[in-house]
Every structure is written in C-alpha cells, then in structure tokens.
Amino acid sequence: YMASPSTLFPSMDKAFCQIGSATVHAYYKLGVKGAWYDHIGDVRVGPPTGHKKITGFGFTTIDNILVLNMVIGVDKINVDEMVKVVRIPQEKFKDKTAKGPQDYITSIREETGYKPSMEEIYNAFVSSFGETLKMEFEEYELSEEGEKIRDKYRKIAASEEHLYLRSSGKRFSNIPPD
C-alpha cells in the first residue's frame, strides 16, 4: 500500500498514468522487458495482441488520504486458487483474446525466469515511484487511529454485501451470449 494526501495528483487520470508509468519502470528494473501501462489501472507485458496482465491497481480515498492498492505479479500464480478467491466469472473473458485467466496473467518469474527477493521488489518500486513522482518515500507504522480506519474498511471489503455487490449476471449482461 502507498498512502498520500488526496491532493498529490491534480486528477485521478493523472494519478493512474503516473503510477502506471512508475510501475512499468519498476518492472524494467526487475528485468521484465515489454511491460506497458494499459489505462485504467493495468500493467501488461507483451504485444497488444498477446499481452498478459502482470499488475492491477486502484485507489481508495479515505477522508483526505489517497491509498494506492496494487497487486504485483511476483511468482507463478496458482490460477485455480486465484479464481476461487477473486471470483472471476468466465464471462469476463468473452471479449478478450485469452480464453481464461491462465492465458491472461503473468509474473516476474514467468517473464524473467527469476524470482526477486522482497527487498529487490521493494527497492525497485520505491526508487521507480520516487523517480517518477519526484519525491522521497518514508515508511510509517499506522497510528492507532489509522489501524481503526483500516480495520473498518477491511470489514466492509470482506462483507458479503460488498463481495456480491454486483453479480456476474448483472456486471456482464451487456456481453452477447455468443
């Protein structure tokens, strides 16, 4: 996670573009060639016709704090387990070149043959974000108040009401059955 004042970026479009650019730069530092930012919130690897997703990210605004949430593709993903956890309906792939998540997702290890240490990943992302955003980053422990806010939002995110907010039938109803 990365937290910053909500005024750090002039617009959310700028926030996505700058974080996308920084993420691509971090992957290059880690040896992933051919990474590119695909608006909005995806980083992919490979040519546009055969690309795979290596990162997805988004933002949450809590009071006056902007929180970056990002999944970094480090090691080969257990796709069957991921599908259960993330609940990706097959309909999501009807409009994509990939037939399913196994053809759509990649990782640093799959792209380079090497799994970097957490320290290498941390250093690549912190330096890339610093260079792109032209700022220095500092680590902080959450305050007691921050932990309460985090716990409140964790409960919301884990609730059935939130998880099933949009059924796959509603969310993908505009995709033709054939």
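Side chains are part of it too, since the values below use all heavy atoms of this structure and drop only hydrogens, waters and symmetry mates. Keep in mind that what you see is a predicted model, and the values were worked out from it rather than measured.
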Query - Full working for side chain to side chain donor-acceptor pair (under 3.5 Å) between His39 and Asp13 - result: CA-CA 9 Å; His39 194 67; Asp13 190 54; 3.0 Å; yes
Report task. Given ring-ring contact (aromatic ring centres under 6.0 Å, His included), test Phe125 with Tyr27 step by step and report yes or no. Result -> CA-CA 8 Å; Phe125 275 82; Tyr27 277 119; 5.6 Å; yes
Query raised in the report: What's the verdict on side chain to side chain donor-acceptor pair (under 3.5 Å) for Asp42 and Thr55, showing C-alpha distance, side-chain angles and the deciding distance?
Result: CA-CA 6 Å; Asp42 286 346; Thr55 287; over 6 Å; no
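By the 4.0 Å N-to-carboxylate-O rule, Lys29 lies close enough to Glu131 to be salt-bridged with it.
Once rounded to the nearest 0.5 Å, the distance linking CE of Met118 with CG of Asn123 reads 11.0 Å. In this structure, Tyr122 OH and Glu120 CD are separated by 14.5 Å, a value rounded to the nearest 0.5 Å.
With sequence neighbours excluded, no residue forms a ring pair (Phe, Tyr, Trp, His ring centres under 6.0 Å) with Phe9.
Evaluation of the salt bridge (charged side-chain N to carboxylate O under 4.0 Å, His left out) test over residues 110-119, restricted to residues two or more places apart or in two chains, returns Asp75-Lys115, Lys76-Glu110.
Between Thr23 and the choices Tyr37, Phe129, Tyr28, the side-chain contact (heavy atoms from CB on, under 4.5 Å) rule is met once, by Phe129.
Val71 is not connected to Phe59 by any chain of hydrophobic side-chain contacts under 4.5 Å among Ile, Leu, Val, Met, Phe, Trp and Tyr, and they are in different clusters.
In the displayed structure, Tyr140 atom OH is contacted under 6.0 Å by at most 12 heavy atoms of other residues, nucleotides or ligands.
In this structure the side chain of Leu8 never reaches within 4.5 angstrom of the side chain of Leu66, judged on heavy atoms.
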